[in-house]
Colleague: 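Quick one: this structure, given as structure tokens, is what I'll be asking you about.
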Amino acid sequence: MLNYPKIDPIAISLGPLQIHWYGLMYLVGFLTAWWLGRRRAHRLGLSTDAVETLIFYCVMGVILGGRLGYALFYGLDKLADNPLWLFKIWEGGMSFHGGFVGVLVAALVFARKQNLHFFRLTDFIAPLVPIGLGAGRIGNFINYELPGRASDLPWAMVFPNMGPAPRHPSSLYEFALEGVVLFAVLWWFSIHPRRNGATSGLFLLLYGVFRFSVEFVRLPDSQLGFIAFGWMTMGQLLTLPMIIGGLALIGWSRYQPLNIACAAKA
């Protein structure tokens, strides 16, 4: 079995100023989305400046939606005890599903301002997201978050303050699936012309399947436990609509026009 690597959650400390690895991972995700988005700006017929504005909108959606979603889905008790806890993002505690809703709202606002088809815009955004998801899972790993269930597999790890039992490194599984695999599939898929909504639907479906599967080896949130059937977690409950929505969107996209603009350059 492996020992959990001891990494100080604080990457840089300059007197009272502390920069956490968790925050740096989000910065990596945002900068990567900015760089990749500029490469594909031509697909929306927008300037690189307009795409930078889009990324800014999405960053706000991720931060505000992710934190509010975590507070509502997982941390109501903490929020009630200390409302200022909502602003302590550097301590961890961001909900993907909340951030996802935040990005959808940001995309809707941007699409209306730029007179863009909503799903054409979300098809553009979807391949930019997975690297940020993967980086966020590395941040979870460094923060000792998302412990897995006990396991005797050779790569199981003894988590700090979780007793002697080795556990699945579930955050690393999510890094590999939601980050590496999801990015590779979506980037390859979106290189070629696709019908409106197809890339977005594939994102929903694959993320949903990956997240739902990993939840079986990840400990449920201690404050919630299993919420249905003695095995379903909050993450699985929130992910089910994504799987269903992804399948529906892929089916709907078959009747939509082909986005020829996506044929030029990756």
Side-chain angles (χ1 to χ4, degrees), residues 1-9 20-26 28-29 62 66-67 69-71 73-75 78 89-100 129-186 203-243 246:
M1 302 301 169
L2 302 175
N3 286 320
Y4 206 94
K6 295 181 180 180
I7 303 174
D8 190 340
H20 292 242
W21 282 110
Y22 191 80
L24 288 178
M25 292 302 101
Y26 270 81
V28 167
V62 168
R67 190 58 175 174
Y70 184 83
F73 299 142
Y74 302 100
K78 284 186 176 181
I89 298 176
W90 59 88
E91 293 182 357
M94 296 283 282
S95 163
F96 164 80
H97 296 92
F100 174 71
V129 173
I131 291 182
L133 294 179
R137 294 313 184 194
I138 294 296
N140 292 139
F141 184 74
I142 293 173
N143 269 9
Y144 311 141
E145 297 172 335
L146 313 185
R149 304 182 197 184
S151 170
D152 59 0
L153 290 171
W155 56 83
M157 296 181 178
V158 177
F159 278 61
N161 304 317
M162 292 291 295
R167 298 179 179 278
H168 286 281
S170 53
S171 54
L172 295 185
Y173 298 167
E174 293 189 69
F175 159 74
L177 292 172
E178 300 168 11
V180 179
V181 175
L182 188 59
F183 172 75
V185 172
L186 289 177
F203 172 87
L204 290 174
L205 176 61
L206 290 181
Y207 177 87
V209 169
F210 292 158
R211 176 67 183 271
F212 195 93
S213 301
V214 173
E215 288 282 330
F216 283 112
V217 297
R218 171 176 154 180
L219 277 180
D221 296 271
S222 58
Q223 70 273 31
L224 298 178
F226 297 109
I227 61 173
F229 312 119
W231 59 266
M232 180 172 280
T233 66
M234 176 62 81
Q236 288 173 318
L237 180 64
L238 294 173
T239 298
L240 269 178
M242 296 184 69
I243 298 174

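As the structure is a prediction and not an experimental result, all values here were calculated from the model.
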Colleague: Suppose we screen for side chain to side chain donor-acceptor pair (under 3.5 Å). Which residues come up paired with Y173, at least two apart in sequence or across chains?
Modeller: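 Testing Y173 for side chain to side chain donor-acceptor pair (under 3.5 Å), a comparison that skips the adjacent residues, returns W155, H168.
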Colleague: Applying side chain to side chain contact (heavy atoms under 4.5 Å, CB included), name anything that partners P5, two or more places apart in sequence or on another chain.
Modeller: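 P5 satisfies side chain to side chain contact (heavy atoms under 4.5 Å, CB included) with I7, F141, M157 only.
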Colleague: Show the nearest heavy-atom pair for residues M25 and I138, with the distance to one decimal.
Modeller: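 Minimum heavy-atom contact is SD-CG2, 3.9 Å.
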Colleague: Please list, chain by chain and in numerical order, all residues satisfying side chain to side chain contact (heavy atoms under 4.5 Å, CB included) with V185, sequence neighbours excluded.
Modeller: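 Testing V185 for side chain to side chain contact (heavy atoms under 4.5 Å, CB included), a comparison that skips the adjacent residues, returns V181, L202, L206.
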Colleague: What is the distance from atom CZ of F159 to atom CG of L219, rounded to the nearest 0.5 Å?
Modeller: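 F159 CZ to L219 CG: 8.5 Å, rounded to 0.5 Å.
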Colleague: Just how far is it from atom CG of L240 to atom CE of M232, taken to the nearest 0.5 Å?
Modeller: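 It is 4.5 Å, given to the nearest 0.5 Å.
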Colleague: Among all residues two or more places apart in sequence or in another chain, which pass the side chain to side chain donor-acceptor pair (under 3.5 Å) test with T239?
Modeller: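 Result, side chain to side chain donor-acceptor pair (under 3.5 Å) vs T239: H97.
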Colleague: Which residues pass the side chain to side chain contact (heavy atoms under 4.5 Å, CB included) test with P9, not counting sequence neighbours?
Modeller: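 Residues passing side chain to side chain contact (heavy atoms under 4.5 Å, CB included) with P9: N143.
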Colleague: Heavy atoms only: give me the nearest A156-S151 pair and the separation to one decimal.
Modeller: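 In terms of heavy atoms, the two residues are closest at CB-O, 3.7 Å.
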Colleague: With E178, which residues qualify under side chain to side chain donor-acceptor pair (under 3.5 Å), at least two apart?
Modeller: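 Testing E178 for side chain to side chain donor-acceptor pair (under 3.5 Å), a comparison that skips the adjacent residues, returns R137.
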Colleague: Is the shortest heavy-atom distance from the side chain of E174 to the side chain of F96 under 4.5 Å?
Modeller: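 No, too far: nothing below the 4.5 Å cut-off.
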Colleague: Would you name the heavy atoms of P220 and T233 that are closest together and state the gap between them?
Modeller: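 That would be CB-CG2, 3.9 Å.
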Colleague: For D8, is the CG atom crowded, meaning more than 12 foreign heavy atoms sit under 6.0 Å from it?
Modeller: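 Enclosed.
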Colleague: Does F226 have any ring pair (Phe, Tyr, Trp, His ring centres under 6.0 Å) partners at least two apart in sequence or in another chain, and if so, which?
Modeller: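 Applying ring pair (Phe, Tyr, Trp, His ring centres under 6.0 Å) to F226 gives none.
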Colleague: Mind telling me whether Y4 and Y144 have parallel, tilted or perpendicular rings, with 30° and 60° as the class edges?
Modeller: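 Aromatic pair Y144/Y4 classed perpendicular.
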Colleague: What residues, two or more places apart in sequence or in another chain, satisfy ring pair (Phe, Tyr, Trp, His ring centres under 6.0 Å) together with F210?
Modeller: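 F210 satisfies ring pair (Phe, Tyr, Trp, His ring centres under 6.0 Å) with no residue once adjacent residues are dropped.
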Colleague: Mind checking whether Y22 and N140 have side chains closer than 4.5 Å, heavy atoms only?
Modeller: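 In contact.
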Colleague: How many angstroms lie between CZ in F203 and CE in M242, if you round to the nearest 0.5 Å?
Modeller: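 These two atoms lie 5.5 Å from each other.
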Colleague: Can you sort out the partners of F183 under side chain to side chain contact (heavy atoms under 4.5 Å, CB included), two or more places apart, ordered by chain and number?
Modeller: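 Applying side chain to side chain contact (heavy atoms under 4.5 Å, CB included) to F183 gives L36, P130, I131, W187.
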Colleague: Partners of R211 by side chain to side chain donor-acceptor pair (under 3.5 Å), sequence neighbours excluded?
Modeller: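 Side chain to side chain donor-acceptor pair (under 3.5 Å) list for R211, sorted by chain: Y207, E215.
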Colleague: Can you tell me how far the CG atom of L182 sits from the CG atom of L133, to the nearest 0.5 Å?
Modeller: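 Nearest 0.5 Å value for the CG-CG distance: 7.0 Å.
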Colleague: Could you tell me whether the side chain of F212 reaches within less than 4.5 Å of the side chain of I243, counting heavy atoms only?
Modeller: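 Contact flag for I243/F212 side chains = yes.
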Colleague: Just by distance, do the side chain of R218 and the backbone of S171 share a donor-acceptor pair under 3.5 Å?
Modeller: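 Absent.
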